[in-house]
Peer 1: 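Submitted below is the structure of interest, expressed as structure tokens.
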Protein chains: 2
Amino acid sequence: MTDARVQEIPGLGGAPLHQRIRADIEGRIRSGAWPPGHRVPFETELMGQYGCARMTVSKAMAALVEAGLIVRRKRAGSFVARPRVHAPVLNIPDIQAEIEARGEAYAFRLLARAVREADGAAPGELELAAGGGLLALDGVHDADGRPFALERRLVSLKAAPDIEAADFSQETPGAWLLEHVAWTEAESRISAINADAEVARLLALDEGAACLVVDRRTWREGRGVTRVRQVFPGEAYDLVARFGPRV
Amino acid sequence: MTDARVQEIPGLGGAPLHQRIRADIEGRIRSGAWPPGHRVPFETELMGQYGCARMTVSKAMAALVEAGLIVRRKRAGSFVARPRVHAPVLNIPDIQAEIEARGEAYAFRLLARAVREADGAAPGELELAAGGGLLALDGVHDADGRPFALERRLVSLKAAPDIEAADFSQETPGAWLLEHVAWTEAESRISAINADAEVARLLALDEGAACLVVDRRTWREGRGVTRVRQVFPGEAYDLVARFGPRV
DNA sequence: CGCTCGAATATGTATAGTCATATTTGCGAA
DNA sequence: TTCGCAAATATGACTATACATATTCGAGCG
């Protein structure tokens with residue numbers, strides 16, 4: 001008998017049932033009441049407890065698997081997963097948005113711009129330049145007229161031919177790429193260096209000052225799009241990674 | 001008519017149908033064929049194209065929403081989402097595992113250990129100490145006998161009372177906590193500093209050398225568990241964040 | 001006593017239908 | 001012409017059912 005009238009039980013929390021089931025189980029896991037390895041009740045049991053169909057329970061369980069909170073094994077049942085080693089979500093922000101969020105005036109100063117072939121100086125140049133050459137951009141991000149970050153970028157002209165016509169006095173190369181080359185994958189390496197003479201001059205720091213360096217490479221469909229090295233004054237800036245167990 | 005025999009169409013890719021639908025759509029989005037804002041075919045259309053029930057299409061779509069690739073609006077339809085600003089998944093690895101993965105000998109040297117109340121020196125101490133005092137641990141991670149990272153940690157004794165009895169010659173405080181206090185949330189701040197005299201001595205660096213600093217705070221159910229500051233030699237170490245659009 | 005094989009079982013995939021809900025669209029009235 | 005309301009429509013939630021598949025468990029055999 002199809003009885004979809006039970007869909008909404010008024011006065012008992014308006015959320016969809018599968019979400020409530022999910023939340024109930026998640027709560028017990030996060031509180032520690034159900035430790036890693038603990039068996040989650042069988043779908044048939046939960047189905048009885050909540051008075052719903054198995055598909056509804058299953059949907060909740062699937063979401064918990066997706067969130068990495070449980071693992072399911074056929075015939076055996078579902079179990080609370082072992083927490084994974086830290087994998088926080090790092091926010092590498094749009095520098096312009098970040099500065100403006102602080103209420104400071106943002107500007108990007110283009111220092112150098114060149115279209116050329118790979119010269120093999122930096123690793124990965126060959127990959128980027130394949131079949132179209134590359135655009136090299138050097139610039140400084142300013143906050144309230146003071147240097148905030150230094151950026152050296154290579155862009156594959158094959159992956160983004162339109163970028164040759166772009167005007168970077170209004171828009172950063174990063175923002176342009178985000179807008180025009182969608183859905184990329186990226187890898188960032190974060191390290192620290194002592195400012196050499198050039199970096200110190202451009203960022204208005206003392207030579208030897210610690211700087212935070214983000215080296216990012218970006219691909220689309222497996223082909224290199226851009227490679228950028230951003231240098232921040234170490235003590236004035238920090239990256240924040242937030243983490244709720246996931247992926 | 002229930003016709004579940006179609007479940008597996010041999011010789012046409014063994015993956016479940018909803019996964020194939022998902023992959024097809026994802027491919028078109030990632031390739032750029034369907035730009036942000038483009039409307040995804042209606043569920044009824046896809047249902048016809050793939051010759052399946054609406055629930056199956058819906059399952060594929062739900063997964064795409066979860067992955068952040070599309071947004072769905074009632075009455076209006078489903079649309080390719082605008083790519084989000086970078087939110088890569090950062091791997092803050094278990095230091096011990098990392099060193100051993102390189103084939104080097106790992107050791108943790110405990111330098112100082114003290115049970116005390118909050119003295120308000122570091123921000124957030126009061127929160128951690130609430131209702132049970134805290135354990136302060138200083139130590140050095142060694143790789144092949146050479147210092148690899150410096151660690152200064154505070155642990156809430158209320159959140160982890162058993163840690164008073166732990167032996168940190170075999171296991172790092174981080175590993176102990178991971179094993180005994182499950183499913184935490186965390187926030188990491190990453191910055192760069194110049195080594196002061198003490199850091200330089202402990203890490204065997206020159207004074208002033210650039211170091212990468214990870215400041216991590218961890219909660220469970222909203223209550224502070226631990227706060228740790230790890231200092232790495234800047235040029236010898238880097239964090240890697242990988243990114244496939246998500247979260 | 002140990003090992004293999006078959007039965008039991010819990011999850012996984014899929015269907016066809018029903019009712020709910022949020023928008024959008026277009027029609028009609030002010 | 002514009003504003004407001006009603007109808008149309010696409011997604012969202014859920015049920016009941018059917019069959020697939022991977023494991024585990026135990027019975028029976030060597």
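Here the structure is a predicted model, which means the values were calculated and not measured. Sequence lines set the chain letters: A, B, ... in the order given, protein chains first and strands last, and positions in each chain run from 1.
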Peer 1: Can you tell me if A:Thr56 touches the phosphate of D:dT15, counting only side-chain N or O atoms and a distance under 4.0 Å to OP1 or OP2?
Peer 2: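 So the side chain of A:Thr56 is within the cut-off, an N or O lying under 4.0 Å from OP1 or OP2 of D:dT15.
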Peer 1: Can you measure B:His18 atom NE2 to C:dT13 atom C1' for me and round it to whole angstrom units?
Peer 2: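 Spelled out: NE2 on B:His18 to C1' on C:dT13 is 7 Å.
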Peer 1: B:Met47 CE to C:dT15 C1': how many Å, rounded?
Peer 2: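 Result: 10 Å.
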Peer 1: Output the rounded distance in Å from CD (B:Glu66) to P (D:dG12).
Peer 2: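 Spelled out: CD on B:Glu66 to P on D:dG12 is 13 Å.
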Peer 1: Take atom NZ of A:Lys59 and atom P of C:dT11, then tell me their distance rounded to the nearest Å.
Peer 2: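 One finds 18 Å between P of C:dT11 and NZ of A:Lys59, rounded.
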Peer 1: Please name all residues satisfying side chain to side chain donor-acceptor pair (under 3.5 Å) with B:Gln96, sequence neighbours left out, ordered by chain then number.
Peer 2: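 In terms of side chain to side chain donor-acceptor pair (under 3.5 Å), with neighbours along the sequence ignored, B:Gln96 is linked to B:Glu100.
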Peer 1: Taking for each residue the nucleotide of DNA chain D with the nearest heavy atom, is it A:Ala53 or A:Ala76 whose nucleotide lies nearer the 5' end?
Peer 2: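 Nearest nucleotide further toward 5': that of A:Ala53.
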Peer 1: Measure CE/B:Met55 against P/C:dT15 and give the value in whole Å, please.
Peer 2: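 Nearest whole value for this atom pair: 10 Å.
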Peer 1: Mind checking what makes side chain to side chain donor-acceptor pair (under 3.5 Å) contact with B:Arg189, not counting sequence neighbours?
Peer 2: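 If we apply the side chain to side chain donor-acceptor pair (under 3.5 Å) test to B:Arg189, skipping adjacent residues, the hits are A:Asp238, B:Glu187.
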Peer 1: Would you please confirm or rule out a distance under 4.0 Å between OP1 or OP2 of C:dA10 and any side-chain N or O of A:Ser78?
Peer 2: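 No, no such contact exists.
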Peer 1: Please tabulate, for side-chain N and O atoms in residues 46-55 of chain A, each donor-acceptor pair with protein atoms closer than 3.5 Å (sequence neighbours left out).
Peer 2:
| residue | atom | partner | partner atom | Å |
| --- | --- | --- | --- | --- |
| A:Tyr50 | OH | A:Asp24 | OD2 | 2.5 |
| A:Arg54 | NH1 | A:Glu43 | OE1 | 2.7 |

Peer 1: Which residues satisfy the side chain to side chain donor-acceptor pair (under 3.5 Å) test with B:Glu26, sequence neighbours excluded?
Peer 2: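 For B:Glu26, the residues satisfying side chain to side chain donor-acceptor pair (under 3.5 Å) (neighbours in sequence not counted) are B:Arg22, B:Arg30.
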Peer 1: Tell me: CD of B:Glu45 to C1' of D:dT11, nearest whole Å?
Peer 2: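 Nearest whole value for this atom pair: 14 Å.
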Peer 1: With B:Ala143, which residues qualify under side-chain contact (heavy atoms from CB on, under 4.5 Å), at least two apart?
Peer 2: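 B:Ala143 satisfies side-chain contact (heavy atoms from CB on, under 4.5 Å) with B:Ile99, B:Glu104, B:Phe148 only.
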Peer 1: For A:His18, what residues pass the ring-ring contact (aromatic ring centres under 6.0 Å, His included) criterion, not counting sequence neighbours?
Peer 2: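 By the ring-ring contact (aromatic ring centres under 6.0 Å, His included) rule, A:His18 matches no residue at all.
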Peer 1: Within the sub-3.5 Å range, which N or O atoms of nucleotides 5-8 of chain D have a protein N or O partner, and how far apart are they?
Peer 2:
| residue | atom | partner | partner atom | Å |
| --- | --- | --- | --- | --- |
| D:dA8 | N3 | B:Arg75 | NH1 | 3.1 |

Peer 1: Can you tell which of A:Arg227, A:Arg217, A:Arg223 makes a salt bridge (charged side-chain N to carboxylate O under 4.0 Å, His left out) with A:Glu127?
Peer 2: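 Only one option passes, and that is A:Arg217.
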Peer 1: Between atom CZ in A:Arg54 and atom C1' in C:dT11, what is the gap in whole Å?
Peer 2: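 Distance, rounded to whole Å: 6 Å.
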Peer 1: Rounded to whole Å, please give me the gap between CZ in B:Arg39 and P in C:dT23.
Peer 2: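 In whole Å, C:dT23 P and B:Arg39 CZ are 15 Å from each other.
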Peer 1: Please list, chain by chain and in numerical order, all residues satisfying side-chain contact (heavy atoms from CB on, under 4.5 Å) with A:Phe42, sequence neighbours excluded.
Peer 2: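 Residues passing side-chain contact (heavy atoms from CB on, under 4.5 Å) with A:Phe42: A:Arg39, A:Thr44, A:Glu45.
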Peer 1: Five pairs per end, C1' atoms only: what is the angle between the end axes of the helix from C:dC1-D:dG30 to C:dA30-D:dT1, to 10 degrees?
Peer 2: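 Between the axes fitted at each end of the helix from C:dC1-D:dG30 to C:dA30-D:dT1 lies an angle of 10°.
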Peer 1: Between B:Asp142 and B:Ala107 (side chain of the first, backbone of the second, donor and acceptor by atom type, cut-off under 3.5 Å), is there such a pair?
Peer 2: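 No, because the side chain of B:Asp142 does not come within donor-acceptor range (under 3.5 Å) of the backbone of B:Ala107.
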Peer 1: Is any N or O donor-acceptor pair between the side chain of B:Arg73 and the base of D:dG12 shorter than 3.5 Å?
Peer 2: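 Answer no: no donor N or O sits under 3.5 Å from an acceptor.
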